[in-house]
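Single-structure report; data block below.
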Amino acid sequence: LVIQLAKSDGLKVIASAGSDEKVKFMEAIGADVAFNYKKTRTSDVLNKEGPIDIYWDNVGGETLEAALDGASVGARFIECGMISGYNDDKGVPIHNLMNIVAKSISMNGFIVFRLEHKYQEEFYATIPDMVAGGKLKYTEEVTEGLEKVGDVILAVQKGHNKAKAVIKVADD
């Protein structure tokens with residue numbers, strides 16, 4: 001969703017994923033640069049393709065460090081997750097936070113339910129029609145049975161999922 005919305009606003013999109021299959025999907029939905037961060041260093045890509053003006057982060061850790069180094073002055077960072085530290089009780093330290101000051105970077109956390117009241121009407125007036133019209137593409141990985149939730153969450157956290165994880169709990 002983020003890649004496609006950014007492209008619809010005319011932005012250059014540099015995207016990373018942890019599998020070649022996910023990289024191919026990102027390319028198919030319009031990413032200008034897509035790479036497998038398990039095979040290519042994020043900092044190398046950003047040094048070549050950057051700087052970053054807007055950064056949507058789900059990963060944190062080394063990826064966030066590379067983005068802070070590759071950010072332009074006045075860049076905006078949207079932090080909606082930091083999966084690199086979810087299974088580490090100490091988290092993953094970021095060593096270059098001074099870039100936030102030096103580059104005047106704005107960094108904000110993003111939790112959907114805190115903004116839902118502000119954007120709900122616009123979202124439902126726009127996004128469903130874009131999905132129905134094929135302007136926004138997505139893939140789902142459907143698992144049947146509520147008893148499998150733990151396995152699915154673990155697969156997502158380990159990067160084993162290949163699409164949006166969905167748990168089907170009933171047929172109706």
Side-chain angles (χ1 to χ4, degrees), residues 1-112 136-143 148-167:
L1 186 65
V2 173
I3 291 170
Q4 294 169 91
L5 292 175
K7 290 305 298 176
S8 72
D9 279 348
L11 301 175
K12 177 181 180 179
V13 175
I14 304 168
S16 69
S19 76
D20 292 339
E21 185 175 350
K22 291 177 187 178
V23 169
K24 286 178 186 168
F25 179 70
M26 293 186 307
E27 291 170 339
I29 62 172
D32 298 288
V33 178
F35 66 98
N36 183 335
Y37 65 83
K38 293 179 180 176
K39 295 180 176 181
T40 306
R41 288 173 37 114
T42 301
S43 58
D44 292 343
V45 174
L46 296 180
N47 287 336
K48 180 181 176 190
E49 300 291 343
I52 296 171
D53 296 316
I54 301 170
Y55 180 63
W56 180 277
D57 187 18
N58 295 316
V59 180
E62 291 179 16
T63 302
L64 177 56
E65 281 191 352
L68 287 166
D69 284 340
S72 63
V73 172
R76 295 173 285 168
F77 279 48
I78 304 155
E79 301 298 321
C80 70
M82 295 197 176
I83 198 162
S84 65
Y86 288 174
N87 296 313
D88 183 338
D89 61 351
K90 294 181 181 164
V92 178
I94 308 300
H95 298 98
N96 59 350
L97 290 174
M98 186 59 191
N99 279 327
I100 297 171
V101 176
K103 296 181 179 185
S104 300
I105 296 169
S106 298
M107 183 178 283
N108 293 286
F110 176 81
I111 303 291
V112 171
L136 292 178
K137 297 177 181 19
Y138 65 95
T139 58
E140 293 179 337
E141 192 170 271
V142 179
T143 303
K148 295 183 181 164
V149 168
D151 294 335
V152 172
I153 291 172
L154 184 60
V156 169
Q157 290 188 342
K158 289 186 171 187
H160 296 158
N161 62 309
K162 295 179 177 47
K164 178 60 73 181
V166 176
I167 304 293

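Here, residue 1 is the first one in the sequence, and each next residue gets the next number.
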Checklist outcome for this item: In this structure, NZ of K148 is separated from CD1 of I153 (nearest 0.5 Å) by 14.5 Å

Item to check | Q4 (side chain) donor-acceptor with I29 (main chain) under 3.5 angstrom | outcome: no

Next on the checklist: For a quick test of reading the model, state the closest non-hydrogen atom pair linking K137 to F25 and the distance between them.
Outcome noted: O-CZ, 4.0 Å

Checklist entry - So, for N36 and V23, which heavy atoms are closest and what is the spacing to 0.1 Å? => result N-CG2, 3.6 Å

Item to check | Heavy-atom pair of closest approach, residues D53 and S72 | outcome: OD1-OG, 2.6 Å

Checklist entry - A71 and K103: which non-hydrogen atoms are nearest, and at how many Å? => result O-NZ, 3.1 Å

Checklist entry - Between N58 and G81, is there a donor-acceptor pair closer than 3.5 Å when you use the side chain of the first and the backbone of the second? => result no

Checklist entry - Are more than 12 heavy atoms from other residues, nucleotides or ligands located less than 6.0 Å from atom CD of E27? => result yes

Checklist entry - Which distance, rounded to the nearest 0.5 Å, do you find between the CD of E79 and the CG of L64? => result 5.0 Å

Next on the checklist: With rounding to the nearest 0.5 angstrom, report the NZ to CD1 distance, K12 to I54.
Outcome noted: 14.0 Å

Checklist entry - Hey, mind stepping through T63 and Y55 against side-chain contact (heavy atoms from CB on, under 4.5 Å) and telling me if it holds? => result CA-CA 11 Å; T63 302; Y55 180 63; 3.2 Å; yes

Item to check | Any side-chain heavy-atom pair of L46 and I52 under 4.5 Å | outcome: yes

Checklist entry - Are the charged groups of D20 and K39 less than 4.0 angstrom apart, N to O? => result yes

Checklist entry - Between the side chain of S84 and the main-chain N/O of V59, is any donor-acceptor distance below 3.5 Å? => result yes

Checklist entry - Taking atom CD1 of I105 and atom CG of N99, what is their separation to the nearest 0.5 Å? => result 5.5 Å

Checklist entry - Looking at CG of L5 and NZ of K7, how far apart are the two atoms once the value is rounded to the nearest 0.5 Å? => result 12.5 Å

Item to check | Within 6.0 Å of OH in Y138, more than 12 heavy atoms from elsewhere | outcome: no

Checklist entry - If every non-hydrogen atom of Y37 is compared with every non-hydrogen atom of G18, which pair is closest and at what distance? => result CE2-N, 3.2 Å

Next on the checklist: Using the side chain to side chain contact (heavy atoms under 4.5 Å, CB included) definition, which of the options V156, N161, L154 pairs with K158?
Outcome noted: L154

Checklist entry - Considering only heavy atoms from C-beta outward, does the side chain of I100 approach that of F77 to under 4.5 Å? => result no

Checklist entry - About how many Å separate CZ of R41 and OG of S16, when rounded to the nearest 0.5 Å? => result 14.0 Å

Item to check | Distance-minimising heavy-atom pair for G30 and I3 | outcome: C-CG2, 4.2 Å

Checklist entry - Is the backbone of V13 close enough, under 3.5 Å, to the side chain of D32 for a donor and an acceptor to pair up by distance? => result yes

